[in-house]
**Student:** 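What follows is a structure written as structure tokens; I'll ask about it next.
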Protein chains: 2
Amino acid sequence: MRNKEETFNKILETAYILFADKGFDKTSLSMIATEVGISKPAIYYYFTSKDELIAYLFEEICKDIERGNIFDYSDISRTNFQHKLLEIGYQSIDEQETDVHFNKIFNQYMLLASRDEKYMTRLQDIQAGYLKSYHDLFNYAVEIGAISDTNIETKAHMLAMVIDNIGNFMLTGCRLDYKGIWKEAVESVWREQSR
Amino acid sequence: MRNKEETFNKILETAYILFADKGFDKTSLSMIATEVGISKPAIYYYFTSKDELIAYLFEEICKDIERGNIFDYSDISRTNFQHKLLEIGYQSIDEQETDVHFNKIFNQYMLLASRDEKYMTRLQDIQAGYLKSYHDLFNYAVEIGAISDTNIETKAHMLAMVIDNIGNFMLTGCRLDYKGIWKEAVESVWREQSR
DNA sequence: GTCTATATTTTGATAGAC
DNA sequence: GTCTATCAAAATATAGAC
């Protein structure tokens with residue numbers, strides 16, 4: 001009926017949504033199959049097991065995150081760095097508001113990781129890369145004279161923690177002034193110690 | 001063999017650890033029963049279902065959190081407020097480092113909440129109370145003249161987000177200078193805008 | 001590639017004796 | 001209160017036809 005690649009992708013998309021909404025364990029292969037419009041055994045033509053499907057989806061998500069960790073330095077200057085940093089956060093907030101499934105499914109992989117070495121090591125890579133992307137950005141900002149060089153790594157990690165946790169707070173539908181919080185965090189980097 | 005209350009508590013303690021380590025779905029009542037030293041049906045004398053056990057544990061954890069949300073204002077003064085705020089964070093970091101199970105199990109309830117209204121409303125209560133405890137503390141600090149009154153709520157929420165996310169980063173064993181990050185966040189509140 | 005039919009296992013939950 | 005025995009449901013996975 002459909003071609004191979006089309007069905008393959010449909011399985012992935014459906015699994016992504018169902019896993020996020022209902023969780024890995026409460027999502028059976030029958031449910032995925034029905035939603036895709038195939039029978040349960042047909043899934044085994046594409047994936048050798050449910051675990052393999054979960055693992056494949058994980059790697060796809062990891063690659064997505066890694067792509068998002070690459071900041072564009074080309075249009076960053078000494079005068080517009082603060083503005084660009086604000087934009088990066090605002091964009092991340094908008095994205096997290098748009099894709100409600102991402103944080104739900106990612107949290108499940110975090111829990112899986114605490115029981116499975118394979119997921120843990122990959123997740124540590126992702127997390128280190130995420131933190132490094134902010135640290136590198138700040139180092140560049142120091143180089144071009146956009147910020148002073150005191151406590152650069154700590155400041156970068158603080159900002160990374162703020163933006164990362166916004167997604168978790170969104171999970172409960174908590175209506176906060178997230179962009180205001182981000183603005184406060186960003187501007188604090190440019191403030192001078194007064195006592 | 002044991003008395004009623006003793007067995008009841010043993011079930012709760014065992015469930016807490018197993019649920020955290022293996023997850024709700026991968027922890028069967030048989031496993032809990034074996035670990036406690038009773039048979040599976042004996043659990044049904046104390047809880048009418050597995051779901052009830054999970055729900056009971058949730059309420060216990062919620063009460064624990066709410067107790068932790070009450071800050072002691074008695075020894076806070078204009079001069080030692082920054083120091084006290086640092087202490088609050090350091091203590092929270094130490095606690096999260098000690099109880100490795102808490103964040104794992106709490107994350108699972110976050111996911112449960114997105115599929116179950118009952119958990120969601122309770123979790124929203126907890127989250128609102130958590131944020132309010134920081135906001136109230138800051139309002140008190142303004143009253144006694146320990147900080148200026150600009151952007152009080154946003155600053156309080158920013159600090160709450162930082163300390164809250166430290167627990168999530170610990171889940172992957174990420175070794176960061178958490179206390180340094182907290183110190184940076186706290187001190188930023190006292191800095192003046194320079195441009 | 002996709003189907004029907006089925007094997008296997010595990011789990012939550014109940015019945016009823018002691 | 002706790003046990004043994006058992007049920008019923010659901011899930012992963014496979015066999016084999018088309």
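Letters A, B, ... mirror the listed sequences (proteins, then strands); counts begin at 1. Both backbone and side-chain heavy atoms feed into the values below; hydrogens, waters and symmetry mates do not.
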**Student:** Please determine if a side-chain N or O atom of B/Thr7 lies less than 4.0 Å away from the OP1 or OP2 oxygen of D/dT2.
**Tutor:** yes
**Student:** Once you round it to whole Å, what is the distance between C1' of D/dT14 and OH of A/Tyr46?
**Tutor:** 18 Å
**Student:** Which of the following nucleotides, D/dA13, C/dG1, C/dC3, is nearest to the side chain of A/Ser39?
**Tutor:**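 Nearest to the side chain of A/Ser39 among the choices is C/dC3.
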**Student:** Round to a whole Å and report the spacing from CD of B/Glu5 to P of D/dG1.
**Tutor:** 12 Å
**Student:** Would you mind telling me which residue lines up with the more 5' stretch of DNA chain D, A/Pro41 or A/Met31, judged by nearest nucleotide?
**Tutor:**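 The residue whose closest nucleotide sits nearer the 5' end is A/Met31.
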**Student:** Over all strands shown, is B/Ser28 touching base, sugar-phosphate only, or nothing at heavy-atom distances under 4.0 angstrom?
**Tutor:** sugar-phosphate
**Student:** Nearest whole angstrom, please: distance from the P of D/dG1 to the CD of B/Glu6.
**Tutor:**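 That distance rounds to 13 Å.
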**Student:** Any luck finding a side-chain donor-acceptor pair between B/Asn165 and B/Asn168 under 3.5 Å?
**Tutor:** yes
**Student:** Output the single nucleotide from C/dC3, C/dG1, C/dA13 whose closest atom is nearest the side chain of B/Lys40.
**Tutor:**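 For the B/Lys40 side chain, the nearest candidate turns out to be C/dA13.
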**Student:** Can the ring centres of B/Phe8 and B/Phe47 be said to be less than 6.0 Å apart?
**Tutor:** yes
**Student:** Between B/Leu29 (CG) and C/dT14 (P), how many Å, whole number?
**Tutor:**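 To the nearest whole Å, that distance equals 11 Å.
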**Student:** Does any part of the side chain of A/Met170, heavy atoms only, come nearer than 4.5 Å to the side chain of A/Tyr178, both counted from C-beta?
**Tutor:**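 With C-beta onward as the side chain, the pair touches.
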**Student:** Does the gap between the ring centers of B/Tyr56 and B/Tyr46 come in under 6.0 Å?
**Tutor:**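 For B/Tyr56 and B/Tyr46, the ring centres are not under 6.0 Å apart.
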**Student:** Return yes if a side-chain donor-acceptor contact under 3.5 Å exists between B/Thr172 and A/Gln127, otherwise no.
**Tutor:**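 Per modelled atom types, B/Thr172 and A/Gln127 side chains form a pair under 3.5 Å.
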**Student:** B/Leu53 has an atom CG; how far is it from atom C1' of C/dT11, in whole Å?
**Tutor:**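 It works out to 15 Å between those atoms.
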**Student:** Select one nucleotide: of C/dG12, D/dC3, C/dG1, the one nearest the side-chain heavy atoms of B/Ile38.
**Tutor:**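 Of the options given, the side chain of B/Ile38 lies nearest D/dC3.
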**Student:** CG of B/Asp25 versus C1' of C/dG12: gap in Å, rounded?
**Tutor:**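 Going from B/Asp25 (CG) to C/dG12 (C1'), I get 12 Å.
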**Student:** Closest approach to the side chain of B/Tyr45, judged atom by atom: which nucleotide of C/dT14, C/dA13, D/dG1 is it?
**Tutor:** D/dG1
**Student:** Please report the distance, rounded to the nearest Å, between CZ in A/Phe8 and P in C/dG1.
**Tutor:**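 In whole Å, C/dG1 P and A/Phe8 CZ are 13 Å from each other.
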**Student:** Atom NZ of A/Lys22 and atom P of D/dA11: how far apart are they, to the nearest Å?
**Tutor:** 10 Å
**Student:** For a quick test of reading the model: is some side-chain N or O of A/Tyr44 closer than 4.0 Å to OP1 or OP2 of C/dG1?
**Tutor:** no
